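Below is one structure, written out as structure tokens; the observations come after it.
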Amino acid sequence: MSSNAPLIETDVVVVGLGAMGASTLYQLAKRGELVLGIDRFVPPHSNGSSHGGTRVTREAVGEGPAYVPLAMRSHEIIAELEAEFGRTFLVKSGTLIVGSPMTGATPLHGAQDFLASSIEMAERFGIEHEILDANALRARYPQFRQFRDTDRGYLEPNAGYMLPEALIEAQVEGAKAHGAQLLTDTIVEKIDQIDGKVIVKTSAGTIHAKRAVVAAGAWTRRLLGAPFDRLLTVTRQTIHWYNADDFTPFSPENMPVFIWFVTDRLEDYFTGFPVTDPSEGVKMVASRDTPDFDHEQGTPAAERWETEDFYTKHVGPNMVGVKPDIVNNATCLYTNTPDNGFIIDNHPDMDKVIVVSACSGHGFKHSLGIGEAVAETIHDGKSRIDLSPFNLARYL
């Protein structure tokens with residue numbers, strides 16, 4: 001950065017314009033805040049965690065009661081955005097979670113039995129749902145090769161999948177329409193707080209702000225340093241799209257988004273999506289325990305053998321009509337905390353900086369509610385939804 005680079009002053013700067021940052025930017029701009037958003041790429045993009053065409057959503061999230069209000073509010077905000085922009089951002093194919101009682105299995109996102117926890121959340125919060133036994137599952141969903149007699153399904157009819165790139169694009173454009181400024185293709189080099197003012201040094205100049213929101217995902221740990229550099233891990237996940245004999249059974253009218261615990265082992269669960277455009281193929285994905293890596297040295301592209309291996313181990317043995325032919329594959333970054341929960345809290349050494357990372361691979365469905373809650377915290381002094389379960393103190 002040259003010595004004569006411009007100095008920009010604003011009320012709030014939002015660093016990172018993925019799911020969390022774009023939502024926060026939009027909600028702040030709607031409230032009349034003078035806000036500037038920064039991204040090292042041009043959002044929406046495929047370099048982080050907020051891409052891939054679809055993201056599963058539901059309101060009765062098995063992660064626990066702290067998450068449900070955020071997911072429910074996100075669905076309300078999506079309806080508002082759809083009315084504002086005249087576009088579809090949530091396809092209500094329904095979301096189906098299938099499994100048998102999990103005893104002694106590794107917890108998923110803090111839930112020992114994710115299916116049981118999802119049902120408990122639906123009952124606690126009055127969310128419309130249906131419980132299907134194994135016979136009902138077999139009769140209704142011939143796309144699945146086999147169910148265990150002990151399997152049951154949780155079906156949430158008003159859930160389905162979000163369109164991540166479209167949502168980010170709309171919120172960024174909406175923020176600009178409300179007066180937000182953007183700096184894209186801009187690298188944030190350092191963030192300091194001096195005498196109550198946030199100083200953000202970037203490749204395009206220096207920014208002075210009253211408040212900052214850091215939603216930088218995988219880049220958070222290097223940007224902010226301690227304690228985030230020791231708390232956060234970054235893992236590489238692969239996404240796979242396959243051909244089908246006939247795409248009709250996989251349309252949103254005939255198949256919901258599903259999360260299927262094929263066995264009690266977490267490595268055997270995977271997620272599948274309905275198909276709206278057959279040319280894109282049938283999307284299948286799962287969270288796998290992969291090693292922490294330095295993504296800033298480059299994220300390896302998805303390899304053909306990985307998609308072939310995923311089909312051999314998971315898709316082929318369990319799905320009817322999905323062919324091994326590869327239509328596409330991709331990678332996605334998960335930035336994870338030790339307990340797989342979110343971090344939404346002030347920086348421990350900079351009280352004017354709110355950190356909204358990491359989201360541990362299950363954040364998109366909550367992102368619109370989180371963006372609103374963070375904007376309320378800045379604009380109103382507090383949020384309607386309690387964010388205290390996501391504080392940093394639980395790790396320190």
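Bear in mind that the values here come from a model prediction, so they are computed numbers and not experimental data.
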Is it true that [Y] and [X] share a donor-acceptor pair across their side chains at a distance under 3.5 Å?
X: Y395; Y: D339; answer: yes
X: Q193; Y: D351; answer: yes
X: S74; Y: E76; answer: no
X: N254; Y: T248; answer: no

Listed pairs under 3.5 Å, donor-acceptor, residues 9-16 side chains, sequence neighbours left out:
{"from": "T10", "atom 1": "OG1", "to": "L34", "atom 2": "O", "distance (Å)": "2.9"}
{"from": "D11", "atom 1": "OD1", "to": "K210", "atom 2": "NZ", "distance (Å)": "3.4"}

Can the ring centres of Y269 and F114 be said to be less than 6.0 Å apart?
-> no
Is the ring centre of F273 less than 6.0 Å from the ring centre of F258?
->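 F273 vs F258: aromatic centres not under 6.0 Å.
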Side chains of [X] and [Y]: closer than 4.5 Å at any heavy-atom pair?
X: V374; Y: S383; value: no
X: L167; Y: I78; value: yes
X: T377; Y: K382; value: no
X: S93; Y: P274; value: yes
X: T299; Y: F293; value: yes
X: T206; Y: V200; value: no
X: T95; Y: L155; value: no
X: E308; Y: P324; value: no

Ion pair check, [X] and [Y], cut-off under 4.0 Å:
X: D192; Y: K190; answer: yes
X: R87; Y: E169; answer: yes
X: K323; Y: D246; answer: no
X: R138; Y: D149; answer: yes
X: E33; Y: R31; answer: no
X: R73; Y: E372; answer: yes

Results of salt bridge (Lys or Arg N to Asp or Glu O under 4.0 Å) for R148 - residues two or more places apart only |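 By the salt bridge (Lys or Arg N to Asp or Glu O under 4.0 Å) rule, R148 matches D151, D264.
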Salt bridge (Lys or Arg N to Asp or Glu O under 4.0 Å) with E296: which residues, sequence neighbours excluded?
->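 Checked E296 against salt bridge (Lys or Arg N to Asp or Glu O under 4.0 Å); matches are R222.
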Run the side chain to side chain donor-acceptor pair (under 3.5 Å) check on S118 and E120 step by step: do they pass?
-> CA-CA 5 Å; S118 298; E120 178 189 350; over 6 Å; no
Mutual orientation of the aromatic rings belonging to W260 and F144 [parallel < 30°, tilted 30-60°, perpendicular > 60°] |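 It falls in the perpendicular class, over 60°.
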Between F342 and Y67, what is the ring plane arrangement, given parallel below 30°, perpendicular above 60°, and tilted in between?
-> perpendicular
Name all residues meeting the ring pair (Phe, Tyr, Trp, His ring centres under 6.0 Å) criterion together with [X]; count only those two or more places apart in sequence or in a different chain, and write none if there are none.
X: H295; answer: W219
X: Y242; answer: Y311
X: H240; answer: F310

Has [X] got a side-chain atom pairing as donor or acceptor with [Y]'s backbone, closer than 3.5 angstrom?
X: T186; Y: A204; value: no
X: D133; Y: R152; value: no
X: S23; Y: S367; value: yes
X: S50; Y: A19; value: yes
X: T57; Y: Y161; value: no
X: T202; Y: V188; value: no

Checking [X] now: which residues fulfil side chain to side chain contact (heavy atoms under 4.5 Å, CB included) with it, not counting sequence neighbours?
X: D349; value: H347
X: P157; value: E128
X: A60; value: M121, A122, I127, Y154, E156
X: V320; value: R145

So how far is it from [X] [atom1] to [Y] [atom2], rounded to the nearest 0.5 Å?
X: I199; Y: H208; atom1: CD1; atom2: NE2; answer: 3.5 Å
X: L368; Y: H366; atom1: CG; atom2: NE2; answer: 11.5 Å
X: S357; Y: I343; atom1: OG; atom2: CD1; answer: 8.0 Å
X: H51; Y: C332; atom1: NE2; atom2: SG; answer: 4.5 Å
X: L36; Y: L28; atom1: CG; atom2: CG; answer: 11.5 Å
X: T184; Y: H45; atom1: OG1; atom2: NE2; answer: 10.0 Å

May I have all residue pairs that pass ring-ring contact (aromatic ring centres under 6.0 Å, His included) and include part of residues 75-95, sequence neighbours excluded?
-> none
Residue pairs involving residues 167-199 (criterion ring-ring contact (aromatic ring centres under 6.0 Å, His included); sequence neighbours excluded) =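 Counting only pairs at least two positions apart or across chains, no ring-ring contact (aromatic ring centres under 6.0 Å, His included) contact touches residues 167-199.
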Side chain to side chain donor-acceptor pair (under 3.5 Å) between D292 and T233, intermediate numbers included = CA-CA 5 Å; D292 182 29; T233 58; 5.0 Å; no
After noting the C-alpha distance and the side-chain angles of V214 and V356, does the key distance pass the side chain to side chain contact (heavy atoms under 4.5 Å, CB included) rule?
-> CA-CA 6 Å; V214 178; V356 189; over 6 Å; no
Linking I/L/V/M/F/W/Y whenever any side-chain heavy atoms sit under 4.5 Å apart, do I77 and L70 land together?
->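 I77 and L70: one cluster.
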State plainly whether one hydrophobic cluster holds both F364 and I97, where clusters connect Ile, Leu, Val, Met, Phe, Trp and Tyr through side-chain heavy atoms under 4.5 angstrom apart.
-> yes
